[in-house]
Amino acid sequence: MPARERTSTNEIIAAGRELLEDGGPGSLTMQAVATRVGVRAPSLYKRFRDRDALVSAVAASAVDDLGARLD
């Protein structure tokens with residue numbers, strides 16, 4: 001039986017957005033995101049190949065939200 005997922009991709013992205021908004025680009029680290037969602041940093045690599053992929057997902061999420069607000 002596979003292990004239960006501890007967090008979702010959407011929760012990880014939301015945590016990344018919060019960190020970015022609170023502390024700027026330097027605060028968006030894999031370790032900080034992992035701490036925020038309550039997992040260990042290596043767990044994030046199951047969903048994002050590296051920090052750049054996470055940053056891209058966070059940026060895409062922000063753009064999507066902005067687009068929805070403008071509609």
Side-chain angles (χ1 to χ4, degrees):
M1 171 183 289
R4 183 182 83 70
E5 295 291 327
R6 292 182 139 193
T7 190
S8 70
T9 300
N10 288 338
E11 290 171 325
I12 294 167
I13 292 170
R17 286 184 64 174
E18 290 169 6
L19 288 164
L20 184 62
E21 290 169 9
D22 292 347
S27 68
L28 181 55
T29 66
M30 297 300 265
Q31 183 60 53
V33 172
T35 299
R36 177 90 38 130
V37 297
V39 300
R40 294 180 51 206
S43 299
L44 298 180
Y45 291 95
K46 294 176 185 173
R47 297 175 190 270
F48 300 97
R49 76 179 175 280
D50 55 21
R51 180 182 179 272
D52 289 340
L54 176 59
V55 169
S56 292
V58 168
S61 172
V63 169
D64 290 345
D65 282 355
L66 179 61
R69 288 180 186 182
L70 293 174
D71 280 344

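The first residue of the sequence shown is numbered 1, and numbering continues consecutively from there.
When all heavy atoms of Arg47 and Thr9 are compared, the closest pair comes out as NH1-OG1, 3.0 Å. Pairing each heavy atom of Ala32 with each of Ser27, the nearest pair is CB-O, 3.6 Å. Of all heavy-atom pairs spanning Ser8 and Glu11, the tightest one is N-OE1, 2.8 Å.
Screening Ile13, Ile12, Leu20, Val39 for a side chain to side chain contact (heavy atoms under 4.5 Å, CB included) with Val33, the sole residue that qualifies is Ile12.
Between the CZ atom in Arg36 and the CG atom in Leu28 there is a gap of 10.5 Å [rounded to 0.5 Å]. Distance check, rounded to the nearest 0.5 Å: OG1 of Thr7 to NZ of Lys46 gives 11.5 Å. Here the CG-CG distance, from Leu44 to Asp50, works out to 11.5 Å after rounding to the nearest 0.5 Å. Residue Met30 holds its CE atom at 7.5 Å from CZ of Phe48, rounded to the nearest 0.5 Å.
Judged by distance alone, with hydrogens and angles left aside, the side-chain atoms of Ser56 form a donor-acceptor pair with the main-chain N or O of Asp52 at under 3.5 Å.
Between the side chains of Ser61 and Arg17, at least one donor-acceptor pair of N or O atoms lies under 3.5 Å.
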